[in-house]
Amino acid sequence: MPGIYIETFGCQMNEADSQYIAERALSAGYSIAERPQDASVLVVNTCTVRDNAETRAYGRINHFKVLKAADPRLRLVVAGCLAEQDRDRMHRLVPHVDAVFGTRELVRLGDALAAWRSEYSEAQAPEEEERDLLLPLGGSADCITGAYSHLRAFVTVQRGCSYYCTFCIVPHVRGRFDHRPLGEILEEVRRRLDEGAREVTLVGQTVNAYRDPTGSADFSDLLETVAAFPGLERLTFVTSHPKDFTPKLAQTLGALAKINPRFHLPVQSGSDPVLRRMNRKYTVDEYRAKVAAFRERCAGWALTTDLIVGFPGETDDDFARTVALARELRFAQAFTFVYSPRRGTPAARWDPVPAEIGNARLRELVAAVDESVVAFHRAKIGTTVRALITGPSKKDRSKLAAKTLDNVTVIAPDAEGEAATPRPGEPWLDVRIDAAHRWGCSGTIVGRAARFEGQARRVAPPVVDLIAG
Ligand code: SAM
Ligand code: F3S
């Protein structure tokens with residue numbers, strides 16, 4: 001069976017799109033390859049939100065050139081935001097690419113995969129070793145792999161964004177809001193649960209602005225309806241806009257037991273003049289008030305955010321306010337970025353903050369954010385958390401990685417040799433937390449469960465070889 005290898009850059013929208021591509025490929029008769037050298041079709045699902053993501057995607061597309069040169073039957077496909085943005089010049093920049101599908105052409109990509117399938121039935125991939133030698137070493141983005149990816153379903157509830165923040169390329173490459181009909185969303189959730197999903201993530205650029213185009217349901221109604229699915233174990237969502245955070249949503253979050261206790265609410269800056277120039281549609285005080293309303297209903301939840309430094313015109317005082325806000329609100333996690341000019345957006349035409357100042361500000365902000373992040377992780381030491389497995393740790397395959405309900409990475413030694421024999425039937429790990437780090441927590445697996453609410457089977461702790469140390 002021909003293999004398809006899918007690499008994903010960027011946000012959860014792209015994760016959701018990659019899952020769609022994988023699903024279409026599986027039903028057309030492909031298998032999911034875990035390595036590019038084992039595939040007949042390579043898909044690079046790209047992101048263009050910052051320059052760095054764009055450069056990395058082009059790096060990967062170039063990286064695959066040797067495989068393509070060695071086997072002309074191999075197809076290299078570029079999908080996602082970069083495909084949308086650079087469609088006209090991609091054939092010039094990377095002529096070895098076979099096909100380009102923009103963010104609104106995923107169905108066409110699925111159809112193309114089905115059409116290409118017959119060409120591969122008799123196809124013989126080059127010797128595996130030969131391909132291993134061909135492919136130069138290099139990093140990779142997240143790839144869709146077999147054993148555990150079905151446990152988490154990313155379900156798109158809305159495409160595009162109509163808010164036009166002055167720094168953001170998303171509305172330009174993905175278009176304005178296009179909310180998906182409620183019935184279609186529910187149908188996909190049902191299908192994913194039938195396929196073994198334990199956790200559903202509802203994704204969109206501003207999910208809390210959701211409006212069912214076929215009825216009157218808003219985002220709270222959507223959450224309630226999805227949470228009522230009998231087979232669903234956990235429900236979560238990204239990303240929300242502060243403007244659309246309502247008392248009704250705070251109440252829904254506090255009331256639905258299946259929703260993961262994690263809320264991502266990007267603030268971007270702690271300075272009103274900067275927020276205004278960013279066209280964020282709220283002030284710092286309004287953001288504070290929303291956080292207070294959220295924390296009242298959802299005590300103990302992880303509040304996470306996105307922050308940008310070095311936005312055009314950002315003064316030392318503006319920046320100091322961002323650092324102060326991060327200290328005040330004590331985020332459980334914050335994704336911090338230096339502003340990256342994006343062609344065609346208003347802010348790209350404004351006077352830039354020098355790169356060295358932007359980079360120094362980023363370092364200072366990261367240090368401030370780290371304090372609350374590590375404190376959040378440290379509070380877990382000594383407790384036992386139930387976390388959904390993601391697979392062997394990428395850095396050390398003798399360990400397993402999992403995510404807690406509040407989205408903290410936990411790593412623990414693989415006492416039962418799972419890296420060799422995956423056990424997705426028991427995907428919930430009970431992990432005793434022994435240590436806290438910037439990136440998450442490490443601990444010891446003490447139990448495993450088939451269901452989130454289920455009884456755990458006890459797992460014997462790994463045997464420590466005292467002689468070897
Ligand atoms: N919809 C989300 C929201 O409510 O703000 C944002 C989606 S955006 C794809 C993810 C994050 O990337 C943003 O929150 C912002 O912090 C960051 N980002 C977007 N454009 C950027 C740019 N030009 N430079 C630096 N960071 C950027
Ligand atoms: Fe981008 Fe702002 Fe929408 S960050 S995705 S334009 S809310």
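Whatever order the structure lists them in is the order used to number ligands and atoms, beginning at 1.
In this structure, F263 and F294 have tilted ring planes: the angle between them lies in the 30° to 60° band. Using a 30° and 60° split on the angle between ring planes, Y287 and Y282 fall in the tilted class, from 30° to 60°.
In terms of N/O distances under 3.5 Å, ligand 1 is not approached by R342. Between Y339 and ligand 1, no N or O atom pair is found at a separation short of 3.5 Å. At a 3.5 angstrom cut-off on N or O pairs, C168 does not count as close to ligand 1. Distances between N or O atoms of Q205 and those of ligand 1 include at least one value under 3.5 Å.
Scanning the protein for heavy atoms near atom 2 (C) of ligand 1, the closest one is T239 CG2, 3.4 Å. Distance from atom 15 (C) of ligand 1 to its nearest protein heavy atom, with residue and atom name: Q268 OE1, 3.5 Å. Residue, atom and distance of the protein heavy atom nearest to atom 5 (O) of ligand 1 are R280 NH1, 2.9 Å. Atom 27 (C) of ligand 1 has its closest protein heavy atom at R50 NH1, 3.5 Å. The protein non-hydrogen atom at the shortest distance from atom 9 (C) of ligand 1 is V49 CG2, 3.5 Å. Ranking the protein heavy atoms by distance from atom 14 (O) of ligand 1 puts D306 OD2, 2.5 Å first.
Salt bridge absent: K258 and E233 never bring a charged side-chain N and a carboxylate O closer than 4.0 Å. We find that D194 and R191 are not joined by a salt bridge, their nearest charged nitrogen and carboxylate oxygen being 4.0 Å or further apart. For the pair E286 and K243, the salt-bridge criterion is not met [side-chain N within less than 4.0 Å of a carboxylate O].
At least one side-chain heavy atom of Y164 sits under 4.5 Å from a side-chain heavy atom of R176. Looking only at side-chain heavy atoms (C-beta outward), V353 and F311 stay at 4.5 Å or farther from each other.
Contact annotation: for P341 versus ligand 1, there are no heavy atoms closer than 4.0 Å. Under 4.0 angstrom from ligand 1, there are no non-hydrogen atoms of K243. Under 4.0 angstrom from ligand 1, the non-hydrogen atoms of V338 all belong to its backbone. Residue contacts with ligand 1 for I308 involve side-chain atoms from C-beta outward but no N, CA, C or O (heavy atoms, distance under 4.0 Å). Contact annotation for F167 and ligand 1: heavy atoms of both the backbone and the side chain come within less than 4.0 Å of the ligand. For S340, heavy-atom contacts with ligand 1 shorter than 4.0 Å involve the backbone as well as the side chain.
Residues forming a ring pair (Phe, Tyr, Trp, His ring centres under 6.0 Å) with F335 (at least two apart in sequence, or on another chain): H264. Under the ring pair (Phe, Tyr, Trp, His ring centres under 6.0 Å) criterion, Y30 pairs with no residue, sequence neighbours left out.
For atom 2 (Fe) of ligand 2, the nearby protein N/O/S atoms, meaning those under 2.8 Å, are C165 SG.
For the residue pair R342 / Q85, no side-chain donor-acceptor distance below 3.5 Å is found, with atom types taken as modelled. Side-chain atoms of T103 and E84 form a donor-acceptor pair, as typed in the model, at a separation below 3.5 Å.
Listed by first and then second residue, the side chain to side chain donor-acceptor pair (under 3.5 Å) pairs that reach into residues 89-99 are K68-D98, D86-R89, sequence neighbours excluded.
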Exercise for the section: Mind running ring-ring contact (aromatic ring centres under 6.0 Å, His included) on Y148 and H150 for me, showing each step along the way? Expected result: CA-CA 6 Å; Y148 304 99; H150 65 287; 7.7 Å; no
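A salt bridge (Lys or Arg N to Asp or Glu O under 4.0 Å) with D17 holds for exactly one of R24, R104, R159; it is R159.
Applying the 4.0 Å criterion to heavy atoms of P266 picks out, from ligand 1, the atoms 3 (C), 4 (O), 5 (O).
The residue from A348, S240, A334 that puts a heavy atom closest to atom 4 (O) of ligand 1 is S240.
Between F177 and Y210, the ring center distance fails the sub-6.0 Å criterion.
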